[in-house]
Protein chains: 2
Amino acid sequence: MTRARPYDREAALDAALHLFWRKGYHATSLKDLEAALRMKPGSIYAAFKSKEDLYLATLERYFGRQRAQIAALRAETGSPLSALAEFLRGVGRPADGDGAAARQACMLIKTLLDVTEDEARIGARARFYLDEMQSEITAVFAAARAAGEVPPDADPARLARRYQADITGLRIEAHRGGTPQTLAALAEDMARDVEALRAA
Amino acid sequence: MTRARPYDREAALDAALHLFWRKGYHATSLKDLEAALRMKPGSIYAAFKSKEDLYLATLERYFGRQRAQIAALRAETGSPLSALAEFLRGVGRPADGDGAAARQACMLIKTLLDVTEDEARIGARARFYLDEMQSEITAVFAAARAAGEVPPDADPARLARRYQADITGLRIEAHRGGTPQTLAALAEDMARDVEALRAA
DNA sequence: AACCGTTTTGAGTGATCGCTCAATAGGTCG
DNA sequence: CGACCTATTGAGCGATCACTCAAAACGGTT
């Protein structure tokens, strides 16, 4: 019974991810997906059950990668605070190599704003993933506090909320299409604020 | 030929505005609009030409109100910087009176993220309005500089970009559904940063 | 090569999409 | 009060929506 699947599930999910990320849930039609995944409707439904479930699968995939990025900051040797600041600068310096994906706003945020009550599962999922991201960031700030980089009475969760808002604003600014200079300047301002926590 | 219009254009535009704002362009159907405006399709098309044009009309309406809010900060007596900080605190304290509209992300941002190449006019318009908002904010920071509140070498446009990113992040946090406490705390952190420009 | 079970196919489902237009209703005139 | 004219109506247009299923194609086993 172990017939190899003629389609590449990973590649299909990636194709769906980028399509959904770019166009959003409502504006992406089954026809679009058929073309991007190079699968017929029947195959898509056999493999992913429904458009909504496929979206949820791509969202999970996206989240996994985002979380890994933040988690990597914790694993870095050296200053957690500098890692956070440097990450902001990286977001402000979008690589033009990966097909302008870096010029897209965060998919979790796009999902949060796109979704209506008709797709409650998607909205709930996006909120959950955003909460998870916040926890991940909180952990980095907690590490910074443990290392004495921020005052002992600082609230890591509160700092994380601010940091996440900065990331959101910065990535939307990138989406909006500012010049590399203004984008880098904005990221620099945010990064300096993070590093300024050290002095205080 | 001066027959009075049996429908109230202002009320209809407001209804369309709130519907579009809440559901977004793609997820709002003509059926939804018919119900919200209490107009039949023919009337809607006679009055507003198309769904896209109606959206543009509501977007302009929204923008006008947003701009007025920022413009009011300039007219305020007293410190421009304090006015900007206080405005942030106001966004962090969403009034529950106006039907949770304050808990919605900025419509310009929602539009920016929702729109695809198929609605290029809408996207271009949203970008334009966001640029206008930035100019408005820049003018307030320029006033603050003229009043000696921020250093003479500060760049008002750059400060405005940061401020706008803060507003974006804050309003999306409100949309996400944080508690009043965490939302107020986030706004407070941002407001303090604005006021800290005075000391520097 | 014949068989079997799974996967893929793609025409086609009813519903809904944005939108049109001939018919109707209702105010404003002579 | 009837003629006129514009605003409103709503059934219905072709296109597209998300989705289904009977049939064909395929890989592994015998």
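By convention in this document, chain letters (A, B, ...) are assigned in the order of the sequence lines, proteins followed by strands, and residues within each chain are numbered from 1.
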Given atom CD1 of B/Ile44 and atom C1' of C/dC21, what is their separation to the nearest angstrom?
16 Å
Give every residue pair that meets the ring-ring contact (aromatic ring centres under 6.0 Å, His included) criterion with at least one member in residues 144-199 of chain B, sequence neighbours excluded.
B/Phe141-B/Tyr163
Would the distance check show the side chain of B/Lys110 and the main-chain N or O of B/Trp21 forming a donor-acceptor pair, the cut-off being under 3.5 Å?
yes
Length of the line joining A/Lys51:NZ and D/dT16:C1', which is rounded to integer Å
12 Å
Set out, line by line, the N/O atom pairs under 3.5 Å between protein and nucleotides 10-13 of chain D.
| residue | atom | partner | partner atom | Å |
| --- | --- | --- | --- | --- |
| D/dG10 | O6 | B/Gly42 | N | 3.1 |

Side chains of A/Gln164 and B/Arg176 only: does a donor on one sit below 3.5 Å from an acceptor on the other?
yes
Whether B/Tyr45 contacts C/dT20 is assessed here as follows: a side-chain N or O lying under 4.0 Å from the phosphate OP1 or OP2. Is that the case?
no
Can you figure out which of D/dA18, C/dC17, C/dC19 approaches the side chain of B/Leu30 most closely?
C/dC19
Given atom CG of A/Asp32 and atom P of D/dA18, what is their separation to the nearest angstrom?
8 Å
Who passes ring pair (Phe, Tyr, Trp, His ring centres under 6.0 Å) against A/Tyr45, sequence neighbours left out?
none
Angle class for the B/Phe63/B/Tyr129 ring planes (parallel below 30°, perpendicular above 60°, tilted otherwise)?
parallel
Can you tell which of C/dC19, D/dA18, C/dC17 lies closest to the side chain of A/Ser29?
D/dA18
Hey, what do you get for CG (A/Leu19) to OG1 (A/Thr58), rounding to the nearest 0.5 Å?
9.5 Å
Nearest-angstrom distance from the residue atom CZ of A/Arg9 to P of C/dT7:
12 Å
Integer-rounded Å distance: C/dG18 P and B/Asp118 CG:
13 Å
Within this structure, what is the NE2-to-P distance between B/His26 and D/dC17, rounded to whole angstrom?
11 Å
Is it the case that more than 12 heavy atoms not belonging to B/Arg38 sit under 6.0 Å from its CZ atom?
no
Quick one: A/Glu34 CD to D/dA18 C1', roughly how many Å, whole number?
10 Å
Within this structure, what is the NZ-to-C1' distance between A/Lys23 and D/dC17, rounded to whole angstrom?
13 Å
